[in-house]
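The structure appears right after this line, and notes come after that.
Keep in mind that this is a model prediction, so the values were computed, not measured. Order of appearance sets the numbers: ligands from 1, and atoms from 1 within every ligand.
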Amino acid sequence: MVAGMKKILLYGPPGSGKSMVGRYMAQSLNLSFLDLDDLIESKAGMSIAQIMTERGETAFRIMEAEALGEALQGRSHLIALGGGALLRSDNRRLAESAGKVICLAATLDTLTSRLQADENSRPLLEGDLSKKLRALLAGRGEHYESFQLCFETDRQTPAQIAWRLQITLGRFRVNGMGNGYDVLVEPGGLVTLGELLREREVDGSLVLVTDSNVGPLYGPRALESLRKSGYDAEVVTLPAGEPTKTLETASWLWQEFLRAGLDRKSTIIALGGGVTGDLAGFAGSTFMRGIAWIGVPSSLLAMADSSLGGKTGFDFPEAKNLIGTFHAPRLVLADPEVLSTLPEAEFRSGLAEVVKHGIIADKDLFDLCSKGHETVQGSLPEVIGRAIAVKVKIIEEDPYERGPRAALNLGHTIGHAVETASGYCLRHGEAVSIGMVAEARLAERLAVALSGLSDRIASVLKGLGLPTEIPANLSRQTILQSMKADKKKAVGVIRFTLPVEIGRVEVGIAVDDLNLVFQEK
Ligand SMILES: NC(=O)c1ccc[n+]([C@@H]2O[C@H](COP(=O)([O-])OP(=O)(O)OC[C@H]3O[C@@H](n4cnc5c(N)ncnc54)[C@H](O)[C@@H]3O)[C@@H](O)[C@H]2O)c1
């Protein structure tokens, strides 16, 4: 069993929501779902209640073990188990070797009220429900708590629980552009790249586009994984860094694709940071009017932000990100372990986009970031998963940036201008960090936000080692001119995305008097 194909097994006491949550997750992730009790009933040709009354619990447990073995061998990726299915240690061993077991938990009161509203008959709980349930929990409490992944489900809807589980598991699916695509956060997942491609029936020739820093570090691991799954890939290596992101490089990529004999069935794999992803995605979106591409982001910025949403492009001398395409990837695989070699300054730059996502829609993510660099380093899969979750929701709602997607521009209207004015001496994330603080100050001046928000944001960014003030040597005039040239201006007015509070932003705020941006406090 490979990481990409591992099953997700939902377990827990009756009433914990395994079946409902499983159905939501299956729908959201486009996975096939199986309820183990349904399988047992269809194999036996009678209901669980009948099996219990007519054949007894021992016979039921034997049937359950058989059904579990069958389900774990079967095609369903998401399985809801019965509340006692893993009491037998051999069942538990089997389940844990086939996938991730998640134990859903809830208080006695929650379980009781959910079961009272449930019409399914539960033979083990017949009679005084609350009393029976208390006895069942007393007997199995330790067993349920012994699972590594335990989830409280009180006061949440099945949809909310399912979404939280997806964040914890690092599994998302983006719909709304192309045929939809999976986004996976999988520590160590790079070695499963080939299997993930096979799973998705990727066929045809492959080109791995990477850069001169990332290629030597991770190219061999990616190629080995592809080879093990029967793929052969040509490697094209770009010089590392932002100056590479030009039309000339895109043109060179097209030549390399022709040389490698790519056709319309071919797939490009972009292994690298945002520059590699943007350029390889752009070259792929235009080559033969668009061929498939897969994102394997290797920088924090690319994992949390740039690899998602299908925006591709190159730097145009007059203004950044002015020209490009929307071209959805076929898969995005983020392996947080590769961040161990990312230079510190690049990591910090990526943190700015993570904080941005916290400000836009996830206060818990912002609070996590406020605990500082070490805490963030120690919780990378969660940090990346949360940042991705924010972006996924937004790009699904507005794939082609016609409205709400502008939320993601937080910090970018001023940030891009500062980045351009610095002659790209500032990293993208550093400029966004400065932009977020400047825009939060603007929000306070316009009474969009309460005073104090910009200080709070600045303090978290500073704590992560990011700059928060426009460097004194940058001309305010150049910054203003650059903002006017920015693509976000609409009919002469620049529209900002401004923070209202942590976890909420407002988009499309027109600001006529740009001098407000530089007004002293
Ligand atoms: N398409 C979008 O929606 C979108 C969104 C945000 C930003 N972007 C773009 O992303 C780009 C910035 O991305 P970036 O910060 O990843 O830049 P980058 O690709 O230049 O990577 C930064 C540096 O880190 C190196 N690197 C990357 N991963 C590494 C690893 N695991 N180990 C060692 N070195 C590694 C790279 O070689 C490079 O030198 C900008 O061009 C920006 O415009 C695009």
Side-chain angles (χ1 to χ4, degrees), residues 174 177 190 209-219 221-222 237-246 249-250 270-282 284-285 293 295-316 319-329 332-354 356-357 380 384 387-388 390-392 394-395 398-401 405-412 415-416 419-420 424 426-433 435 466 486-487:
V174 181
M177 191 186 284
L190 186 57
V209 180
T210 185
D211 79 15
S212 51
N213 290 333
V214 179
L217 289 167
Y218 300 108
R221 207 179 293 176
T237 307
L238 306 167
E242 191 73 31
T244 287
K245 211 173 121 182
T246 61
T249 319
L271 169 67
V275 166
T276 304
D278 277 12
L279 256 185
F282 175 76
S285 76
W293 74 289
V296 187
S298 67
S299 68
L300 180 58
L301 184 145
M303 290 183 194
D305 191 6
S306 69
S307 65
L308 310 161
K311 270 197 196 178
T312 77
F314 55 88
D315 294 339
F316 192 61
K320 205 172 136 78
N321 293 339
L322 197 60
I323 298 170
T325 60
F326 282 109
H327 186 48
V332 175
L333 170 65
D335 175 356
E337 285 182 8
V338 308
L339 297 178
S340 61
T341 53
L342 186 69
E344 184 56 33
E346 298 297 347
F347 184 80
R348 277 201 302 269
S349 171
L351 282 177
E353 301 282 2
V354 171
K356 181 190 83 174
H357 289 183
L380 275 179
I384 296 166
I388 288 176
V390 169
K391 183 149 180 180
V392 165
I394 294 172
I395 57 183
D398 181 17
Y400 296 100
E401 202 170 337
R405 185 164 169 167
L408 296 166
N409 289 337
L410 179 72
H412 281 62
H416 269 162
E419 189 181 10
T420 311
Y424 298 103
L426 281 169
R427 286 183 175 77
H428 180 73
E430 292 169 339
V432 169
S433 173
L466 283 157
D486 193 279
K487 65 178 187 290

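Side chain of T244 to main chain of P239: a donor-acceptor pair is present (N/O by atom type, distance under 3.5 Å, no hydrogens or angles). With S299 contributing its side chain and G273 its backbone, the two residues share no donor-acceptor pair below 3.5 Å. D211 places a side-chain N or O within donor-acceptor distance of the main-chain N or O of V214, the cut-off being under 3.5 Å. One N or O on the side chain of K391 and one on the backbone of D305 form a donor-acceptor pair closer than 3.5 Å. Counting only distance, with no hydrogens or angles, the side chain of S298 and the backbone of L271 share no donor-acceptor pair below 3.5 Å.
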>> For a side-chain contact (heavy atoms from CB on, under 4.5 Å) check, start with the C-alpha distance between I384 and L339, then their side-chain angles and the critical distance, and finish with the verdict.
In response: CA-CA 11 Å; I384 296 166; L339 297 178; 3.9 Å; yes

> Going through the distances and angles, do R405 and K311 end up as a side-chain contact (heavy atoms from CB on, under 4.5 Å)?
Replying inline: CA-CA 12 Å; R405 185 164 169 167; K311 270 197 196 178; 3.5 Å; yes

> Can you check side-chain hydrogen bond (donor to acceptor under 3.5 Å, both in side chains) on T325 and T312, steps first, answer last?
Replying inline: CA-CA 5 Å; T325 60; T312 77; 2.5 Å; yes

>> If you apply the rule side-chain contact (heavy atoms from CB on, under 4.5 Å), what do you find for T341 with Y218, and how did you get there?
In response: CA-CA 10 Å; T341 53; Y218 300 108; 2.6 Å; yes

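Distances from atom 1 (N) of ligand 1 to the heavy atoms of V214, L271, D278 show the closest one on D278. The heavy atom nearest to atom 7 (C) of ligand 1, out of those in L300, L238, L301, T276, is found in L301.
For ligand 1, the atoms lying closer than 4.0 Å to a non-hydrogen atom of Y218 are 31 (N). Within ligand 1, counting atoms from 1 as listed, the ones closer than 4.0 Å to a heavy atom of N213 are 36 (C), 37 (O), 39 (O). Residue contact check: L217 has heavy atoms under 4.0 Å from atoms 32 (N), 33 (C) of ligand 1. The atoms of ligand 1 that sit less than 4.0 Å from any heavy atom of G273 are 16 (O), 19 (O). Each of the following atoms of ligand 1 lies closer than 4.0 Å to a heavy atom of D211: 36 (C), 37 (O). Atoms of ligand 1 found under 4.0 Å from any heavy atom of K245 (numbered from 1 in listed order, with element): 9 (C), 40 (C), 41 (O), 42 (C), 43 (O). Those atoms of ligand 1 that come under 4.0 Å of a heavy atom in K311, given as number and element, are 1 (N), 3 (O). Below 4.0 Å from some heavy atom of S298 lie the following atoms of ligand 1, by number and element: 27 (C), 28 (N), 29 (C), 30 (C), 31 (N).
Within the structure, the closest approach of L339 to ligand 1 does not fall below 4.0 Å when heavy atoms are considered. Using a 4.0 Å cutoff on heavy atoms, P343 counts as a contact of ligand 1.
Proximity of R427 to ligand 1, defined as any heavy-atom pair under 4.0 Å, is not found for any part of the residue. Contacts with ligand 1 closer than 4.0 Å are made by side-chain heavy atoms of E346 only, the backbone lying farther away. When heavy-atom distances to ligand 1 are checked against a 4.0 Å cut-off, V275 comes that close through both its backbone and its side chain. Within the 4.0 Å heavy-atom criterion, the part of D305 lying near ligand 1 is the side chain and not the backbone.
Looking only at side-chain heavy atoms (C-beta outward), V432 and L466 stay at 4.5 Å or farther from each other.
Contact detail for V338 and P297: the closest heavy-atom pair is CG2-O, 4.5 Å.
The shortest N or O to N or O distance between S299 and ligand 1 is under 3.5 Å. Here's the thing with V338: one of its N/O atoms is less than 3.5 angstrom from an N/O atom of ligand 1.
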